[in-house]
Amino acid sequence: MDINARIEKVVEGYREEALSLLQSLVHIPSLAGYEKPCQNIVASKMKEIGLEVDVFDPPDEELKKHKGYVPVDMSYKDRPNVVGTYHGEGGGKSLILNGHVDVVPIGPESYWTYSPWSGKYVDGKVYGRGSSDMKAGVVSNLIAVQVLKSMDIKLKGNLIVETVVDEELGGNGTLACVLRGYKADGCIFTEPSGLDNIGIANRGAQYFRIIVPGTEGGTEYKHDLVNPIQKAMEVFQAVEAYSIMRESTVSHPLYDSFYNTKVPLGICVIKGGELPSTVSSQCVMEGTIECLPNEDIQKVKADFKAYLDEWSAKDPWFKDHPIKLEWFGLWFESAEIAPENPLVVNLAGKVKAFLNKTPIIAGAGGCDLRIPVKYGNTPAVLFGPSGGKVHSVDEYVDFEEVMAVVKILVSFAIDWCGI
């Protein structure tokens, strides 16, 4: 029996265990700040497998001093990262498998077909918030290492499994792993790319706030006042025009053919007014602007500000009452690795060997890929099990993809780390 056939057989023996582990993680509402119960399960699993386990809270003050830090409103105290290391015998390449346990909010629970924390298994799908993004990937990582240990395969290089917090708010959990010294010759984020895709890049992004001034007063005087909500609609259209310009003038081979919106820019929050009978003094709009891997997010921000300054200067009201542009909250840089990087080539070969198809090499949206690439001298890719409705009602993961990723990770680790 060749090694891949052996891997297939052994992995299939862990099907029920993988499903049970995934459901137990989905049961936990691990929103930002409440990840610890999930991490306790992960740490216990790593100890059961026989890994050297490192449980640590990301260091708030140290993170804030780092160039790649994303400002957040809560501390990381009692919100641990969990890292398990399968130590190699020496002489091989090292590999990181990274996943996160934090999830986004569920919205109105009544909209869900099954409880968002149910982990319901129906027709090959596991439902629940975080099932696809990305507790399924965490399970694939853990079961892959468990399979390697059960097969008594001794790797040459270290295999490191990182399970982090805070990915959804900006990535400081993964940054904390880099600061703690976890670097390798390659890193696979088992984000829900699906089996048809390997992501080798991420866009950069920055949240922004636009404050539009007006003149406050009762509605009976509205014809003598400047309503900031009305003026904000003009600003909104100007931003939309700039977005279309960006789409038509920027280009990157990993994004041009694969995205309906290859470089997002848009206003998604509008707040204006205090009383139904009073014209407000201002209207506040918030949105995001992103950049492609061949762009600098700081340059993109500067160009956007210059555009708004030039556009608003031609308006009689804004000329004397300028709009304010503020940068806040989530931001990150873009990053990419070359399609011919050995990490990409070898992983694509494993997908071909197990699934008999050649994956698409493409770019991804905002994610943690940039962190090991820019700050850990570690090439990284995205490849993991997917399903549907990520960040939406009735999120689910295709459980067969979870098992397929386990097989591919086991085979990849054997070749990459050496035995």
Side-chain angles (χ1 to χ4, degrees), residues 30 32-36 38-40 42-43 46 51-88 93-102 134 137-138 141-142 145 157-191 201-207 293 296-298 329-337 343 364 366-382:
S30 52
Y34 301 93
E35 304 97 337
K36 189 173 182 178
C38 259
Q39 295 291 57
N40 289 340
V42 169
M46 288 181 177
L51 306 183
E52 179 185 286
V53 182
D54 182 15
V55 180
F56 63 97
D57 293 347
D60 287 301
E61 296 309 313
E62 185 179 355
L63 284 166
K64 290 176 183 177
K65 298 174 185 177
H66 195 278
K67 178 184 177 182
Y69 172 74
V70 175
V72 292
D73 294 330
M74 60 181 72
S75 169
Y76 293 105
K77 182 176 175 56
D78 215 29
R79 299 172 60 197
N81 282 343
V82 181
V83 180
T85 302
Y86 182 18
H87 288 283
K93 289 186 288 189
S94 54
L95 177 65
I96 293 172
L97 303 178
N98 178 291
H100 66 86
V101 295
D102 59 306
M134 64 168 291
V138 170
N141 294 343
L142 292 170
V145 184
N158 288 343
L159 178 57
I160 302 163
V161 181
E162 298 176 345
T163 305
V164 304
V165 300
D166 189 55
E167 191 275 345
E168 298 293 359
L169 293 183
N172 293 327
T174 295
L175 180 60
C177 287
V178 172
L179 293 180
R180 201 164 176 88
Y182 291 108
K183 303 175 184 180
D185 296 301
C187 174
I188 299 175
F189 290 88
T190 46
E191 289 275 11
N202 73 266
R203 291 188 295 247
Q206 172 72 68
Y207 284 176
D296 178 359
I297 188 63
Q298 301 303 334
L330 184 143
W331 84 281
F332 40 76
E333 300 162 286
S334 58
E336 65 181 321
I337 66 172
L343 183 69
C367 62
D368 284 0
L369 179 143
R370 72 195 188 277
I371 295 170
V373 171
K374 298 188 78 72
Y375 305 119
N377 194 30
T378 302
V381 298
L382 274 63

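Here, residue 1 is the first one in the sequence, and each next residue gets the next number.
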Over all heavy atoms of both residues, which pair between Phe189 and Ala380 is shortest? Give the atoms and the distance, please.
CE1-CB, 3.8 Å

Report yes if the side chains of Ile371 and Val178 come closer than 4.5 Å at any heavy-atom pair, otherwise no.
yes

Counting only heavy atoms not in Tyr375 (residues, nucleotides, ligands), do more than 12 fall under 6.0 Å from its OH?
yes

Report all side-chain donor-acceptor pairs from residues 64-71 shorter than 3.5 Å, counting only partners two or more places apart or in another chain.
residue, atom, partner, partner atom, Å
His66, ND1, Gly68, N, 2.9

For Leu382 and Ala364, the nearest pair of non-hydrogen atoms, with its separation, is CD2-CB, 3.9 Å

Heavy-atom closest pair (Val165 atom, Pro80 atom, distance to 0.1 Å) is CG1-O, 3.4 Å

Not counting sequence neighbours, which residues clear side-chain hydrogen bond (donor to acceptor under 3.5 Å, both in side chains) with Thr163? List them please.
none

Verify, without hydrogens or angle tests, whether Thr378 (side chain) and Ala184 (backbone) share a donor-acceptor contact under 3.5 angstrom.
yes

Would you please test Cys367 and Glu167 for side chain to side chain contact (heavy atoms under 4.5 Å, CB included) and show each step?
CA-CA 7 Å; Cys367 62; Glu167 191 275 345; 4.2 Å; yes

Value rounded to 0.5 Å, distance of CZ in Phe332 from CG in Leu369:
11.0 Å

Less than 4.5 Å apart, side chain to side chain, heavy atoms only: is that true for Val145 and Leu51?
yes

Polar side chain donor-acceptor pair, Ser30 to Asp102, under 3.5 angstrom:
no

With sequence neighbours left out, the residues meeting salt bridge (Lys or Arg N to Asp or Glu O under 4.0 Å) with Lys36 are Asp78

Using the test salt bridge (Lys or Arg N to Asp or Glu O under 4.0 Å), find all partners of Glu35 that sit at least two apart in sequence or belong to another chain.
Arg79

Rounding to 0.5 Å, atoms NZ (Lys374) and CG (Asn202) come to a distance of 9.0 Å

Rounded to the nearest 0.5 Å, what separates atom CD in Glu191 from atom CE in Met134?
4.5 Å

Closest non-hydrogen atoms of Leu95 and Cys187, given as atom of the first, atom of the second and distance, are CD1-N, 4.2 Å

Which is it for Met46 and Val161 under the side chain to side chain contact (heavy atoms under 4.5 Å, CB included) test, yes or no, and what are the steps along the way?
CA-CA 9 Å; Met46 288 181 177; Val161 181; 3.8 Å; yes

side-chain hydrogen bond (donor to acceptor under 3.5 Å, both in side chains) involving Arg370 - partner list, sequence neighbours excluded
none

Could you please spell out the steps behind the side chain to side chain contact (heavy atoms under 4.5 Å, CB included) verdict for Thr190 and Val138?
CA-CA 7 Å; Thr190 46; Val138 170; 6.0 Å; no

As an exercise, state the distance from CG of Leu159 to CG of Leu97, rounded to the nearest 0.5 Å.
5.0 Å

With sequence neighbours left out, the residues meeting side-chain hydrogen bond (donor to acceptor under 3.5 Å, both in side chains) with Ser334 are none

If you take all heavy atoms of Ala335 and Val373, which pair is closest and at what distance?
CB-CG1, 4.3 Å

With sequence neighbours left out, write down each residue that passes side-chain hydrogen bond (donor to acceptor under 3.5 Å, both in side chains) with Asn98, or none if nothing qualifies.
Glu162, Thr174

Side chain to side chain donor-acceptor pair (under 3.5 Å) partner of Ser94, chosen from Asn158, Thr85, Asp185:
Asp185

Of Asp60, Asp57, Asp166, which is the lone residue that meets side chain to side chain donor-acceptor pair (under 3.5 Å) with Tyr76?
Asp166

Atom of Cys177, atom of Val83 and distance for their closest heavy-atom approach:
SG-CG2, 4.0 Å

Qualifying residues under salt bridge (Lys or Arg N to Asp or Glu O under 4.0 Å), relative to Asp54, sequence neighbours excluded
Arg180

For Asp296, all residues meeting side-chain contact (heavy atoms from CB on, under 4.5 Å), sequence neighbours excluded:
Gln298, Lys299

Are Leu179 and Leu63 close enough, and set up right, to give a side chain to side chain contact (heavy atoms under 4.5 Å, CB included), and what steps lead you there?
CA-CA 8 Å; Leu179 293 180; Leu63 284 166; 3.6 Å; yes

